[in-house]
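Have a look at the structure below before the remarks.
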Amino acid sequence: MSPWDLITLMAINRRDFLTFSALASIPLLMGHVSQIKPNANKIIGTGINQNNQRVLAAIDLQGNSLFKTPIPDRCHGVTVQHSDNLGLVVARRPGKFAIVFNSLTGELIADIPAPDGFIFYGHGVFSNGHLLITAGNSHSDGYLLVFSINGKLIKKLSLPGLGPHEVIANKDEIVVALGGIHTQGREKLNIGSMKPSLIGIDAQDLSLKWQERLPAEFNQLSIRHLAANSKGDIAVACQYQGEAIESPALIALKSKNSPLQLINLGDDQWLGFKGYLGSIRLTDKHIIATSPRGHQIGIWNHQTHELINQFAVKDVCALDVQGDVIVAGTGSGSWITASTHQIAHVKSDLVWDNHWTLG
Amino acid sequence: MYRQKLLILILMLMFAVSVNSFAAETWSSFIEPELKVSLNAGSALQQYWNQYCETGDGQFITQSQEQWVTLASHWIAFQSLASRRLDESFLSFKLWFWPDKKNLIGKKTQQFLASNEYDSFQAVPAPAQGLGAIEYFLYEAPPNSNSFECRNALAIVNNFNQNILNISSAALTPADEDLSFQVNALANLVANADKRVSSYHREEKAENKYGMDGWRSLSQQQLLAAQLALGSKLTNMIANHHSSANTKNLLTQITKTMQVNQAPWSFENSIKLSHQIHKVQESLSKELAPSLNVTLGFNNSDGD
């Protein structure tokens, strides 16, 4: 019997709650959810194993371990270049290393130390045969460091802002989130004066093509995580640096023909996300984001921005999407697969860190 | 006098909990009584407030206030532990709105009391729906009896009671009996207490009376004590389910450290209490969780 056969229903969502409460005499475990599987055949991320060791790990979609490779410290973003079976994982800020690995076997290919005077900021991307990793100096001035696949530093590209975080490839551009925060270690030093922005860089010559900001009243909304869909639209997940209970909207959208703008919901609809989104994905139909502080996955209609559904998932953060199938990992020893209206939980022998990717 | 009463109450709460009395306790038998007290207090509050609105007799305000303190003491403790049911309800901010640095509770509740534009509570701002809203009209701005505002205030109480009834109706799951769930719940409760006390002394810089729950009713310490007392009770329950002497000793130490004996309450003592709470947090994460082979969820507190 595979773990998929042991999946139990945990289909509590916003719409169902009241109905469900009224039916409380019916046991929660109402039955098996139909299997929701993406076409990809594995998930790659980092986490902690049962011996409390940090590992780079892959599981198949039945939850079986494909590889577990020890890593020296906590990592953050992971990305895969499928054409070459290459993966890149970057140490968590303030990161001292990144690792290139074989995405089929987990074998380490290159260990990339952060250059003197720089720390890595947790995310990187493959682009035109190179690795681009977000980094900063001691003042948190943003940089994009360009490496060869075997880890040779090729270029230090200065970015127009502080505290870069996620970087993604989007069509012929590289998009970088500039969170705006000056940090020392993990301490934040400039919350009152931060100015986050989103930038687009030409993927060929690495020249700056555009830079956009939200209105100044949202300067405490740190732009941190990014996603793009097949049309090149971009979704931005933010983390509010003020009180969570006063949080404005946490998702902004940008497309080729429209500027960066927050999606509007009723005032109270963001409260449950506690001012913090940890990961985001964008499809042609949906925006999906996780809030580890709110213990929620939110699913919005990409066109109308309507919040379609919310699922309560303890400590959820890692997220990826293929088609209409959502997979998300938790920091409490489980992972989930979901569609827009149902969700199934699978136990895991790993606790998963903030990000993962389908491969 | 208030402080003496509070100290006695805290000591009673702490020492009334004996390890042996929880030998066979399940999560359900542990947590459900807390909820039941909240439901009963909410129901009594509703009746007293209704009587005030109908008669104008001030004694019903006093009785409503007494029920509010009982309700809030038990609810905040329950809310810190019952995270799964709260998360799944998507109601937590509508039940307890904190922190409230901009006095949104006062502003939004006052607006709601004077308004007739809402057909249902779906559209009412969260700060005007929770226990803080009830505390506001009970202690800061009681409406006149037989008034439109008085009826709106009653509607807030009714809505709150309906929300906690819905949460109480959501079934417990086998996962709630799981040791991992309970240790994580304990960690959550301690973290919530830490946030309140840290907010009160503004990271040891200055007093901020709005930082703790219950400042309008001057019940801050009572609410905090109730929260930590329930944490002690849970610690004892976990100890009784685990036979390892080391683990029991560790849990006993955690229980002792959670005792709120910093009287009289002062800025300095709130800092001492913070240090105690930090010790508990450290013991939980570095000793207890590993010794019980439990993973404390970390994405919710340590992201990027």
Side-chain angles (χ1 to χ4, degrees), chain A residues 8 10 12-14 16-18 20-29 48 50 52 76-77 92-93 121-122 165 186 224 239 242-246 266-268 271-272 274 276 278-279 290-296 310-318 329-333 351-354, chain B residues 83-94 96-102 104-105 108 121-129 162-176 178 180-181 183-185 187-188 195 199 289-290 293-304:
Chain A
T8 51
M10 188 65 89
I12 300 290
N13 58 44
R14 188 185 184 90
D16 290 346
F17 180 74
L18 294 180
F20 202 79
S21 301
L23 299 172
S25 57
I26 300 171
L28 180 66
L29 303 177
I48 304 171
Q50 289 176 322
N52 214 25
H76 192 67
R92 182 173 185 257
R93 177 181 61 86
Y121 273 54
H165 197 59
R186 303 282 302 170
R224 302 198 71 75
Q239 295 171 2
E243 292 288 359
I245 208 151
E246 298 159 7
D267 283 350
D268 288 351
L271 287 175
K274 295 198 174 172
Y276 190 101
S279 196
T290 54
S291 172
R293 294 192 182 165
H295 308 287
Q296 290 185 38
Q310 283 169 277
F311 293 114
V313 181
K314 198 77 191 161
D315 218 38
V316 66
C317 191
T330 80
S332 50
V351 293
W352 295 97
D353 219 310
N354 300 147
Chain B
S83 56
R84 184 188 61 77
R85 282 196 279 185
L86 258 296
D87 292 340
E88 289 172 0
S89 76
F90 306 104
L91 287 171
S92 60
F93 283 110
K94 294 185 176 179
W96 197 286
F97 191 87
W98 181 93
D100 185 26
K101 286 203 305 195
K102 295 182 180 172
L104 290 176
I105 288 175
K108 299 290 182 185
F121 266 85
Q122 286 294 325
V124 176
Q129 292 198 36
Q162 186 57 52
N163 280 338
I164 62 172
L165 187 63
N166 285 338
I167 286 168
S168 75
S169 302
L172 291 168
T173 73
D176 293 333
D178 188 74
S180 173
F181 172 83
V183 174
N184 272 282
N188 189 52
K195 284 178 196 163
S199 178
N293 200 23
V294 163
T295 303
L296 294 180
F298 60 94
N299 283 327
N300 65 332
S301 57
D302 196 17
D304 201 10

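Order of the sequence lines fixes the chain letters, A, B, ..., with proteins taken first and strands second; residue numbering starts at 1 for each chain. Since we're looking at a predicted model, the values are computed, not measured.
Here Leu296(B) contributes atom CG and Asp315(A) contributes atom CG; the two are 9.5 Å apart, rounded to the nearest 0.5 Å. With rounding to the nearest 0.5 Å, the separation of CG in Asn52(A) from OG1 in Thr295(B) is 7.5 Å. Note that CG of Leu86(B) is 10.0 Å distant from NE2 of His295(A), once rounded to the nearest 0.5 Å. Atom CD of residue Gln129(B) and atom CG of residue Asp268(A) lie 7.0 Å apart, to the nearest 0.5 angstrom.
Residues forming a salt bridge (Lys or Arg N to Asp or Glu O under 4.0 Å) with Arg293(A) (at least two apart in sequence, or on another chain): none. Residues that satisfy the ring pair (Phe, Tyr, Trp, His ring centres under 6.0 Å) test with Phe181(B), not counting sequence neighbours, are Trp27(B).
With respect to the salt-bridge test (charged N to carboxylate O, under 4.0 angstrom), the residues Lys314(A) and Asp87(B) qualify.
Minimum interatomic distance between Trp352(A) and Phe298(B) (heavy atoms only, all atoms of both residues): O-CZ, 3.6 Å. When every heavy atom of Gly297(B) is checked against every heavy atom of Ser332(A), the shortest pair comes out as CA-CB, 4.4 Å.
By number of non-hydrogen pairs under 4.5 angstrom with chain B, the leading residue of Thr330(A), Val351(A), Val313(A), Val316(A) is Val351(A). Annotation: maximal heavy-atom pairing with chain B below 4.5 Å, among Arg92(A), His165(A), His76(A), Lys274(A), occurs at Arg92(A).
Side-chain contact between Phe311(A) and Glu88(B) is absent, with no heavy-atom pair separated by less than 4.5 Å. Counting only heavy atoms from C-beta outward, the side chains of Lys101(B) and Glu246(A) approach each other to under 4.5 Å. Contact of the Arg224(A) side chain with the Asp304(B) side chain is registered, since non-hydrogen atoms from C-beta on lie closer than 4.5 Å.
Residue Thr290(A) does not touch chain B at all, counting heavy-atom pairs closer than 4.5 Å.
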